[in-house]
Amino acid sequence: MTRKNSSTTSQRQKAEALEEESFTMASSALPNGNGSAKHDLLRGLFPPGAAIDLDNIEYSFATPYNGPPVEFPLPKAPMAPSWGTNKTTPPKLATILPVAQLWRGSGSVAASSVPAARQFFRSTSGSSFSESSSAMAVAAATVERDAASSAAAATRKSCPSEIEELATSPSPQLFGRTPSSEGIVTDSSALQYSEEFSPGESEDPSGNFDSRRYGLDPSPSGKGGNIHRKRGQCYRCLRGNRLTEKEVCLACGSKFCSNCVLVVMGSMPEGRKCEECVGRPVLEDRRPFLGKPSRLLKRLLGPLEIQQCMKSERECFSNQLQPEQVIVNGRRLIFEELILLQQECLRLKPGKYWYDKASGLWGREGEKPHMFITPELKVGGPLQQNASNGTTQVFLNCREITKSEFKMLKALGVQCTPQTYLVLYPDGRYGDEGQKEIKGNLWNKPMMRLLYPFFSFPTPRSSNQLVKTDAVAASRKVSPTSIEVKDASKILLLGHDGSGRSTIFKQTKILHNGQFSPEELQKYKEMMLGKAYQFLNVLLEARERFEEESGDLYTLNDQLKDAADRFMTSMTAGHLERSISKNTRSNLSKIWNDPAIQQTYSRKDELQLPEVTADILNRVLQIQDYVPSVTDILSAEGLEQGTGLAEVQFSLEDKDLSDSNDHESNRRRYQLISIGGLATNEFRKWLDMFEDVKILVYCVAVSDYDQQWTDLTGALHNKLIFSRDLFFKIVGYPCFQDTPLVLLLNKYDRFEEKVTKGIPLTTCEWFSDYSPVGSSHSSQVQQAYMYVVHKYKRFLDGRRVYTLQLNAQEQQAVSGALEYVQQILKCEEEMRAGLWMHHEESNYGDTSSFTIPGQGHR
Ligand SMILES: Nc1nc2c(ncn2[C@@H]2O[C@H](COP(=O)(O)OP(=O)(O)OP(=O)(O)O)[C@@H](O)[C@H]2O)c(=O)[nH]1
Ligand SMILES: [Mg+2]
C-alpha cells in the first residue's frame, strides 16, 4: 500500500514537472514533434555515444492530460527511464514485476499490437542493453501503451474500476531504478510480461530439446520467474483468488478469469491459447483437455462458437503430437514411426515408452506393461533390460519383469526362480530362452482371464485379432478429430461386512450390464440355499440352548424334532444336498414356521442374524423350484465368501462434453473393484494391486450405530466404531496416502427409521456428546445425519473426503452415487491440473455433502 501511494505521488510530481515544461501534445510522432527539446529528451534514453538516427525512430510521447474535466478517472502512464546526467553506467534490465495491467480493455487493438512487441522483448531480454534494443523497447512499449490507452478508453464505461486500478498502479521500477523525469513516458510492463513468459518456456535458441515442454520431465510446469502475483489471481488483471473459475492457456499454462479470457485469447484460431502462444505446442499436462470445453467457456460462448473453437483446438497442426515427443526404447521417433504407432494406439501421449517387439507388450518406461500392440513393428530402439524397472531377476524377452507380472506368472504356475529367462510369443506361447521347447500357452490358462484385470495386466490379443491386425492397421486412419475415450479409472469399493458394499456392486452390474446371466443366477441360487440352511441351523442350535435356559416356549414337536436332528447332522457332516427333495423342503419349511423357531428368531439380534434372514427363509424354503429374483440377490447378505474380490467395468457419459453428438466418445470408462474381508488380513495381500486406484469409496452402514460386532478374537465392539477404525487403518496405508476418499453413508433408510423411533445416537459411544435440538422428526434425522458426517470429517482431518448419503437398495440412488464419484474424479483431475484448489480450501470440498434430485440430502 505504502509503495503504491508513494509511487503515485512521485508520478504526480513528474506529471507536474512535465506540465511546467509545457509539452502540449498528448501523443506525437517524433518527426512531427518539436525539434531539439524532444531530441535531447530522446537521446537521454540511449547509452552515451550510441549512434541513433533520431529522425527515423518511431515512438510516441504521452503527457498528462490538461484538457477540460472528464467524469472518469484518467489512465496514467508510468515514466520512462533515462540515462540521466550520469551517462557512463548503463542501467540494468528490468526486474520481473507483475503482469501488465495495460493489457486490458476491449482488446482488439491491444491484443493485436501486443504480441509483436512482446515477441521482440523475448528475443532482446538479456543482460546487455544494446542501443538498438533500447530503441526498439521504447517503440514496442509505446505501441503497447497506445493500444492499451485506446483500449482503456474504449472500456472505461464498462470497467471503471479497472481504469482506476491502472491509474493508481505502482510506478514500475524501470530497469532497476526509479524513473527519473524527462517526460518520455513509456511502460515497462511489456518487458515484464515478456520476461514472465520466458523462463523455461522460451524456445531454446541452441535448439536443444526442451524436455519439460515436451512432457518428458515430470517436474510441474507453470510460470517460472519472479512473478509478484498471488496464487490464484488472474494472470492478466491480477484479480480473483483460487476460487475464481479460470481458463488456462494450453500452451503456456497462464490462467485467466472470465473477464479476461476472451480478450487474451481473441478469436482462438488454435483453441484456448493466448494470442501470442498461437503456433506453440500445447503443454502436455493440458493435452487431456484438448477439445473439451470448460464450464467457463460454455458460459462465455455460444454452442456454435464452442464447437468451432474445439474443432480448431483438436485439429490444428501445432496441437498435434510431434514425433520427437515420443521416445521408444530410448530412441526418439521419426515421423513415419509415429504414424505407425498412432495406428496402434490412438491415444498415444508424449513420453518415454518401452516396446517388446517379440510379444507386442507395450508400457511406459519404468512401469509395468500397459497394453498389447502389434508385434514386430519397426519403431524405436532395442528393448532395454531395465525398461520396466523390474527387480525380480526374471526376464521376459530380455526385459526384467515387474513384481506384479512376477506374481501373475507365479499364480499361473510358471516357474520363476531367479535368473529365469523366458521368451513369450504374441499368441501366448512361452518357453525358456534359447530352447525350442514350448512350455505352454499363458493366454489359454483358465486362470488368466480372472487374473489379468486384478494385476492390471493388459488383455492379450486374441489370435483372430492378431491375424486381422495388419489389415486393420492398414485401413485405420489417424483421426485427430476423435475425442479421447479415457482409460478406465480404477475405483476401489470397500466396506465392512453388512455395510451394503456388495449391494452397490451388484446394482452397478445390473445398471451397466443388464440382468444376471443364467450361470450367475444358478450360482446365486446355490448361495441362497446355502445361506437359508445356515440360518436355519443357527436357529435350531439356539433353540436347544434357549430351551435349556427358558423351557417349553422353545420346544419343537416330536415329528419336527426328528427332521430337525437329521438336518443338523447333515449340516455338521456337510452332506446336505443343494437340491433337496420336496419332502425335506416341506419339513424344513414347517420347522421354520414352528412357533418355537419363530420365538427363537425373535431374539435374532443375540444370534447376530442379518435382517434379511426371514425373507430368505420364507422364499427359499417355501417356493417350489426356487429361482432367485433380482431383489433376492440384492438383499442376500454375505453371499461372497472370503474377500469377495470382484470387478465390473462400466462407462458413464461425461455430461460436460455435450458439445459433441457422438455420445460414445463422450463416455469415460471405469473399473469398480469391490473387496471385502477387511477385518481379516486377507485384504492386505491385494494392496499391491491398488497402486493406481484413482479413488477409494468406503461404504459404512450408518444405521449400525446401535449394533454390536464380534471380532476374530471374540471381543465385542460397536459395529459402526469397528467399521470406522478399519476405515482409518485403510486410508493410512501408504498406497492410499494421496487418494481422494468417498464415504458412502449407506442404509440411510434404516438410520432414519431408528432415529425416528427414538434409538439415540448416543448408544454409540463415539457419539456420546450428541445433543439434538428441536423436535420434528425430519429435523432430528437431519441433525443426526449431519452430526455423523461432521464426526467423520473431524476424524479424517487433513484428508480429502467426500460424503454421500445412500440407500443402496434403490437402483436410482446407486446410479446417482456413481455419477457423484465421476464428478469427484473429474474435479480431482482439474485440481491436479491447477484449475481448482485443494479440498480443504475449496468450495467443492465444503459441498461434499449435497443433494441429488429425488434422493434427499447427500
Ligand atoms: N435397508 C437397507 N438395506 C440395505 C441397504 N444397503 C444394503 N442393504 C442390505 O444390507 C444387507 C447387507 O448388504 P451387503 O451388500 O450384502 O453388505 P456387504 O457389505 O457386502 O456385506 P457382506 O455381504 O456381509 O460381506 C443386504 O441384505 C442388503 O440388501 C440400504 O441402503 N438400506
Ligand atoms: Mg455382501
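Both ligands and their constituent atoms are indexed starting at 1 by order of listing.
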Inset, instruction - Could you tell me whether Lys490 and Glu647 make a salt bridge, using a distance below 4.0 angstrom between a side-chain N and a carboxylate O? - result: no
Inset, instruction - Name the option, out of Ser723, Ser502, Ala701, that contains the heavy atom nearest to atom 16 (O) of ligand 1. - result: Ser502
Inset, instruction - Under 4.0 Å from a heavy atom of Arg501: give me the atoms of ligand 1 that qualify, with their elements. - result: 15 (O), 17 (O), 18 (P), 19 (O), 20 (O), 25 (O)
Inset, instruction - Indicate yes or no: does Lys791 engage Asp769 in a salt bridge with an N to O separation below 4.0 Å. - result: yes
Legend entry - Gly500: numbered ligand 1 atoms lying under 4.0 Å from its heavy atoms: 7 (C), 13 (O), 14 (P), 15 (O), 17 (O), 18 (P), 19 (O)
Inset, instruction - Establish, yes or no, whether the cationic atom of Arg669 lies under 6.0 Å from the six-membered ring centre of Phe650 and within 45° of the ring axis. - result: no
Legend entry - Of Val731, Val789, Val801, Val788, the residue whose pairing with Leu743 passes side chain to side chain contact (heavy atoms under 4.5 Å, CB included): Val801
Inset, instruction - Compare all side-chain heavy atoms of Leu726 with those of Phe722 and state whether any distance is below 4.5 angstrom. - result: yes
Legend entry - Side-chain heavy atoms of Asn618 within contact of Trp592, under 4.5 Å: yes
Inset, instruction - Would you mind finding which of Leu493, Thr503, Thr613, Asn746 brings a heavy atom closest to atom 6 (N) of ligand 1? - result: Asn746
Legend entry - Ile504 and ligand 1 - part of the residue with a heavy-atom distance under 4.0 Å: neither
Legend entry - Test item, Gly495 contacting ligand 1 (heavy atom, 4.0 angstrom): no
Legend entry - Proximity to ligand 1 by part of Asn807, non-hydrogen separation under 4.0 Å: both
Inset, instruction - Give a yes/no on ligand 1: does His496 have at least one heavy atom closer than 4.0 angstrom to it? - result: yes
Legend entry - Sidechain-backbone polar pair: Arg750 side chain, Ser703 backbone, donor-acceptor under 3.5 Å: no
Legend entry - Per-atom contacts, ligand 1 versus Leu634 - under 4.0 Å to a heavy atom: 28 (C), 29 (O)
Inset, instruction - Specify side chain, backbone, both or neither for Arg750, according to which of its non-hydrogen atoms lie closer than 4.0 Å to ligand 1. - result: side chain
